[in-house]
Protein chains: 2
Amino acid sequence: MAKPPHSIPDSELDVLKVLWDRGRATVREVLQTLREAGHVGNKDGKPWSYATVATLLDRLETKKVVESDRADQAFTYRPIVSVKDVQRRRVESLVDKLYQGEPGLLVLHLLKSHPLDPHQAEEVRALLEEMREEPASKPPEDAPRSPSDPSP
Amino acid sequence: MAKPPHSIPDSELDVLKVLWDRGRATVREVLQTLREAGHVGNKDGKPWSYATVATLLDRLETKKVVESDRADQAFTYRPIVSVKDVQRRRVESLVDKLYQGEPGLLVLHLLKSHPLDPHQAEEVRALLEEMREEPASKPPEDAPRSPSDPSP
DNA sequence: ACGCCCGGACGACACTTGTCTTAGGATACA
DNA sequence: TGTATCCTAAGACAAGTGTCGTCCGGGCGT
């Protein structure tokens, strides 16, 4: 049991993203960062309160998504799951639920309905060429499931 | 205000999928279909009860995702949002939340970490070629936003 | 020594989701 | 006519989310 199947709701994801960005932060730092970034938390467009951020970090910690250590006087939190882990899980779930478990269908849908800029299009083409030759290549990307490895 | 921002949770999505498949159905038909398909509803692996399906259809209706009409003695439900609408919303939200609003990043991620079978890879290549020549082609796919149009 | 402010611990509260039970009206069948 | 069926309506209830208010102990500036 590497990963408890806890889900990471949107609000928690917002604070988690801050941690991913800066590596680690205290409650107040997260709050500050979000405000500067013009984060719109609650439905009234009012920014979150300190308590809200604290709660979210707390919940993330009980879910084993972040860790805290008592540095100065304030706790400092840092993520213990990587962006990629979360992305993978979300994508997999989306593919399972709406694309019959076929990632290819999602790719097609994306290309058709969401224009991608030429640079990225080129990158995609290149990647495909590469894969054509070496079909079974597994960049460490797809390891069988390590609990997480944001900073090993 | 074309689309109320109601979200469609997983359980509701499961019944909605049945409606997409068969066009329309009563509560019991949905239930039947799910059971035949070996649907695993609740966490104990026990199939849903009639009431559960009814509730879900009800909630979908208040969310304006399906419509019901009293046909025989039982209500018949049918979807009023298309698969594509739901897919688009989910994908957009995913891209916004985890890929900086860049669909290209998601495409890259998909290609790298989720192997796609050669047939689809070919299809993708073809699509890309096509787009290379005619970059601004818009199959009716991308209409500016009609509230939904599965059967107007 | 005295307030003050910061940071943390608790817990509260409304709404959404996941799942059902049950009461009550029709229907259909013996 | 009674009874087994099927359907809808209503509501219940525990967990998970979204968002705080608040009380409390420690430092710190004066």
Side-chain angles (χ1 to χ4, degrees), chain A residues 4-18 24-35 39-77 86 89-90 93 97, chain B residues 4-18 24-32 34-35 39-77 86 90 93 97:
Chain A
H6 288 304
S7 73
I8 298 179
D10 289 355
S11 50
E12 287 171 21
L13 191 52
D14 283 343
V15 335
L16 183 52
K17 283 199 278 194
V18 173
R24 53 191 198 59
T26 65
V27 175
R28 191 155 300 274
E29 286 167 341
V30 170
L31 183 59
Q32 209 51 39
T33 303
L34 287 173
R35 291 200 162 144
H39 179 264
V40 174
N42 73 25
K43 54 223 59 175
D44 316 314
K46 196 175 46 174
W48 280 334
S49 77
Y50 181 99
T52 300
V53 176
T55 298
L56 295 180
L57 280 168
D58 222 58
R59 308 226 257 230
L60 281 171
E61 188 165 24
T62 69
K63 287 178 185 175
K64 298 290 205 306
V65 170
V66 310
E67 261 178 11
S68 66
D69 54 18
R70 159 154 261 135
D72 249 314
Q73 358 70 319
F75 275 95
T76 295
Y77 295 82
V86 173
R89 277 193 293 180
R90 293 262 186 151
S93 137
K97 284 191 294 226
Chain B
H6 289 304
S7 74
I8 299 178
D10 290 354
S11 50
E12 286 171 21
L13 192 52
D14 284 343
V15 337
L16 182 53
K17 284 199 277 194
V18 173
R24 53 190 198 59
T26 65
V27 175
R28 192 156 297 277
E29 286 167 341
V30 170
L31 183 59
Q32 209 52 39
L34 287 173
R35 292 198 161 144
H39 179 264
V40 174
N42 74 24
K43 53 225 59 176
D44 317 313
K46 196 175 46 176
W48 280 335
S49 77
Y50 181 100
T52 299
V53 176
T55 297
L56 294 181
L57 280 168
D58 220 57
R59 310 227 256 230
L60 281 171
E61 186 164 27
T62 69
K63 287 179 187 176
K64 300 289 205 307
V65 170
V66 309
E67 261 178 12
S68 66
D69 55 18
R70 158 153 262 132
D72 250 314
Q73 0 69 319
F75 275 97
T76 295
Y77 295 83
V86 172
R90 292 262 187 154
S93 139
K97 284 192 292 226

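Heavy atoms only: backbone and side chains are in, while hydrogens, waters and symmetry mates are out. Every value quoted in this text rests on a predicted model; they were computed, and no experiment measured them. To find a chain, count down the sequence lines: A is the first, B the second, and so on, and within it residues start at 1.
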Colleague: Could you tell me if the side chain of A:Val65 sits less than 4.5 Å from the side chain of A:His6, heavy atoms only?
Modeller: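 No; the side chains remain at least 4.5 Å from each other.
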Colleague: Should B:Ser49 and B:Thr52 be marked as a side chain to side chain donor-acceptor pair (under 3.5 Å) after you check the CA-CA gap, both sets of side-chain angles, and the distance that decides it?
Modeller: CA-CA 5 Å; B:Ser49 77; B:Thr52 299; 3.2 Å; yes
Colleague: Any side-chain heavy-atom pair from B:Tyr77 and B:Val15 closer than 4.5 angstrom?
Modeller: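 Not in contact.
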Colleague: Report the residues that fulfil salt bridge (charged side-chain N to carboxylate O under 4.0 Å, His left out) with B:Asp72, sequence neighbours left out, ordered by chain and then residue number.
Modeller: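 For B:Asp72, no residue satisfies salt bridge (charged side-chain N to carboxylate O under 4.0 Å, His left out) once neighbours in sequence are set aside.
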Colleague: Can you name the residues that form a side chain to side chain donor-acceptor pair (under 3.5 Å) with A:Thr76, not counting sequence neighbours?
Modeller: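 Counting only residues at least two positions away or on another chain, A:Thr76 forms no side chain to side chain donor-acceptor pair (under 3.5 Å).
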Colleague: Taking C-beta and beyond as the side chain, do A:Phe75 and A:Val27 meet within less than 4.5 Å on heavy atoms?
Modeller: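 No, their side chains stay 4.5 Å or more apart.
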Colleague: I need the minimum non-hydrogen distance between B:Pro47 and B:Arg35, along with the two atoms involved.
Modeller: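 Between these two residues, the closest heavy atoms are CB-NE, 3.8 Å.
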Colleague: Determine: side-chain N/O of B:Thr52 to OP1/OP2 of C:dG18, distance under 4.0 Å, yes or no.
Modeller: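 Result: no.
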Colleague: Does some side-chain heavy atom of B:Glu61 sit less than 4.5 Å from a side-chain heavy atom of B:Leu57?
Modeller: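 B:Leu57 vs B:Glu61: side chains apart.
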Colleague: Need one value for A:Ser11: base, sugar-phosphate or nothing, where a base atom within 4.0 Å counts as base even if backbone is also close, heavy atoms only.
Modeller: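 A:Ser11: backbone/sugar contact only, no base atoms under 4.0 Å.
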Colleague: What string of B, S and - do you get for nucleotides 23-30 of chain D, 5' to 3', when a contact is any protein heavy atom under 4.0 Å?
Modeller: --------
Colleague: Determine the minimum heavy-atom distance between A:Trp48 and A:Asp14, stating which atoms define it.
Modeller: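 Scanning both residues, the minimum pair turns out to be CH2-CB, 3.8 Å.
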Colleague: Enter the distance from B:Ser11:OG to B:His39:NE2 here, rounded to the nearest 0.5 Å.
Modeller: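 Answer for the OG-NE2 pair, B:Ser11 versus B:His39, is 8.5 Å.
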Colleague: Can you check the B:Asp72 CG to C:dA28 P distance for me, whole Å?
Modeller: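 Rounded to whole Å, this separation is 9 Å.
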Colleague: Calculate the interatomic distance between B:Leu56 atom CG and C:dT17 atom P; express it in whole Å.
Modeller: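 After rounding, the reported distance stands at 11 Å.
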Colleague: Measure CG/A:Asp10 against C1'/C:dT17 and give the value in whole Å, please.
Modeller: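 After rounding, the gap between these two atoms is 15 Å.
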Colleague: Could you run down nucleotides 5-15 of chain C 5' to 3' and tag each one B, S or - for protein heavy-atom contact under 4.0 Å?
Modeller: --SS--B----
Colleague: Rounded off to whole Å, could you give me the CD-to-C1' distance for the A:Glu12 and D:dA15 pair?
Modeller: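 Distance, rounded to whole Å: 14 Å.
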Colleague: From CG of B:Leu13 over to C1' of C:dG18, roughly how many Å is that when rounded to an integer?
Modeller: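 Going from B:Leu13 (CG) to C:dG18 (C1'), I get 14 Å.
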Colleague: Which whole-number value in Å describes the distance from B:Asp69 CG to D:dC7 P?
Modeller: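 Roughly 16 Å, once rounded to whole Å.
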Colleague: Could you tell me, to 10°, how much the axis swings from one end of the helix from C:dA1-D:dT30 to C:dA30-D:dT1 to the other, five pairs per end?
Modeller: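 The value is 20°.
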Colleague: Can you list everything that forms a side chain to side chain contact (heavy atoms under 4.5 Å, CB included) with A:Ser93? Sequence neighbours excluded, please.
Modeller: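 Testing A:Ser93 for side chain to side chain contact (heavy atoms under 4.5 Å, CB included), a comparison that skips the adjacent residues, returns A:Lys97.
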Colleague: Would you say D:dG18 has OP1 or OP2 under 4.0 Å from some side-chain N or O of A:Lys46?
Modeller: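 For A:Lys46, the contact criterion (side-chain N or O under 4.0 Å from OP1 or OP2 of D:dG18) is not met.
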Colleague: Distance check needed: D:dT19 C1' versus A:Leu34 CG, whole Å only.
Modeller: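 One finds 14 Å between C1' of D:dT19 and CG of A:Leu34, rounded.
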Colleague: Measure the distance from CG on A:Leu60 to P on D:dT19 and round it to the nearest whole Å.
Modeller: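 In whole Å, D:dT19 P and A:Leu60 CG are 14 Å from each other.
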